[in-house]
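Worksheet: the structure to be examined is printed underneath.
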Amino acid sequence: MDFLFDLSNMSQEEEFTDSKEDILKFLKVIGVDTRFVSYTPSKLYINNLRFSKFSRTREKTFYKHYPNIKVVRSSLFMKNCSKASRILSNDLNPGDKLLVPENEFLKIILEPYTRKYGVKLIYSGSNYNLKVSPLILDDEVNNIFSDIFAGKGIDFTRRNDNTVYPLLTVEKEWILSFYESENIVFEDNFKENKLSSAFMEFLEDVAPQYRENVIKASDYLKERS
């Protein structure tokens, strides 16, 4: 049975303001686990529907108090979060200070980790212990093939130990779809190798799941080197 909290005797203006703190507090009051919801001032993105417990009933309750904040329950976005969580759960420790680049997608995905792991997101300065890279699956596979075609072997130093790569297993197509749905311009600064790109297009037709296998093979070789 869905959980409902009686808010009828509470004054929205007195009890819950439009501040981030109060919005998250309100979500907890109605039974939502905010560790699986990304907060932005205009939207809430559900990272994991089951773990967040953000049911349609709770959504209706939320809209009664915050009608101007949209709840986004995108299955594609949840898949992206699931992919990123496998890396973040291994690479993050409670209290980590993360230097985050200007990347809207990363900011949204990382936001709930401030509650899940108590990490701090930093956007400038030197007071951090981990950097966050926007490197995505397609671009790293392109890098690996470029190394191979150049005949110099895979450059295992390209990924640093003091850097976390949340999007390393997320396909570019998925990210582009998110940006398109949110009407955000995707700034792609990656300089791809044309030969590698052509080879990747060929593999796409014969082995669509090849990308993650390439990353796994590269990681295995790095451990053995």
Side-chain angles (χ1 to χ4, degrees), residues 18-28 30 32-55 58-59 62-63 66-125 128 130-140 163-190:
D18 290 336
S19 70
K20 177 179 179 178
E21 181 182 359
D22 276 5
I23 291 171
L24 293 175
K25 177 182 176 182
F26 182 84
L27 288 172
K28 290 182 180 179
I30 64 175
V32 174
D33 191 333
T34 60
R35 294 175 300 172
F36 301 96
V37 177
S38 293
Y39 166 88
T40 72
S42 60
K43 295 181 181 180
L44 296 177
Y45 297 88
I46 300 177
N47 295 181
N48 185 302
L49 187 58
R50 181 165 66 92
F51 291 161
S52 71
K53 303 177 184 178
F54 211 146
S55 65
R58 290 184 171 94
E59 184 177 329
F62 178 79
Y63 277 139
Y66 293 101
N68 297 323
I69 300 178
K70 182 180 179 181
V71 177
V72 180
R73 46 176 70 238
S74 163
S75 59
L76 180 58
F77 179 72
M78 292 182 205
K79 288 180 181 178
N80 289 332
C81 291
S82 177
K83 291 266 191 180
S85 69
R86 297 171 194 171
I87 293 176
L88 293 170
S89 62
N90 288 325
D91 293 353
L92 295 185
N93 292 304
D96 275 340
K97 297 179 180 179
L98 310 179
L99 181 63
V100 185
E102 284 300 320
N103 183 297
E104 195 65 27
F105 190 67
L106 273 177
K107 290 179 182 178
I108 294 172
I109 282 188
L110 289 170
E111 195 278 332
Y113 285 85
T114 60
R115 295 178 291 282
K116 188 182 294 186
Y117 289 165
V119 303
K120 185 175 181 180
L121 306 183
I122 298 169
Y123 301 103
S124 62
Y128 63 88
L130 277 178
K131 292 182 179 180
V132 179
S133 170
L135 183 67
I136 63 177
L137 178 61
D138 299 64
D139 294 347
E140 178 60 358
T163 303
V164 61
Y165 302 85
L167 308 181
L168 189 60
T169 59
V170 180
E171 297 179 20
K172 180 178 289 187
E173 182 180 356
W174 291 12
I175 298 176
L176 289 174
S177 296
F178 169 77
Y179 272 76
E180 183 178 353
S181 66
E182 295 297 300
N183 294 317
I184 303 173
V185 176
F186 179 73
E187 295 184 7
D188 190 356
N189 298 317
F190 179 76

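Counting from 1, the numbers follow the sequence of the chain as shown.
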Discussion item. Over 60° means perpendicular and under 30° means parallel, so tell me whether F77 and F105 are parallel, tilted or perpendicular.
Written reply: perpendicular
Worksheet item: Does F54 offer a backbone N or O that forms a donor-acceptor pair with the side chain of R73 under 3.5 Å?
Response: yes
Discussion item. Quick one, Y45 with T40, criterion side chain to side chain contact (heavy atoms under 4.5 Å, CB included). Give me CA distance, side-chain angles, the key distance, then yes/no.
Written reply: CA-CA 8 Å; Y45 297 88; T40 72; 3.8 Å; yes
Response to the item:
Heavy-atom nearest pair, P134 first then L106, reads CA-CD1, 3.7 Å
Item to complete: Report the C-alpha separation of L98 and K131 in whole Å, then their side-chain angles, then the decisive distance to 0.1 Å, and conclude whether the side chain to side chain contact (heavy atoms under 4.5 Å, CB included) test is met.
Response: CA-CA 6 Å; L98 310 179; K131 292 182 179 180; over 6 Å; no
Discussion item. The test is side chain to side chain contact (heavy atoms under 4.5 Å, CB included); show your working for K28 and F26 and say whether it passes.
Written reply: CA-CA 5 Å; K28 290 182 180 179; F26 182 84; over 6 Å; no
Worksheet item: Do any N or O atoms from the side chain of N183 and from the backbone of Y179 form a donor-acceptor pair under 3.5 angstrom?
Response: no
Worksheet item: R115 side chain to V37 main-chain N or O, any donor-acceptor pair under 3.5 Å?
Response: yes
Fill in: For the student: nearest non-hydrogen atoms of S133 and P166, plus distance
O-CD, 3.6 Å
Worksheet entry | K20/E111 ion pair, N-O < 4.0 Å | yes
Worksheet entry | Side chain Y63, main chain V71, donor-acceptor under 3.5 Å | yes
Worksheet item: Would you call K120 and D96 a salt bridge, taking side-chain N to carboxylate O under 4.0 Å as the test?
Response: no
Worksheet entry | Any side-chain donor near an acceptor of the partner, S82 and N48, under 3.5 Å | no
Practice prompt. Kindly determine whether Y165 and I136 satisfy side chain to side chain contact (heavy atoms under 4.5 Å, CB included), including the steps that lead there.
Written response: CA-CA 8 Å; Y165 302 85; I136 63 177; over 6 Å; no
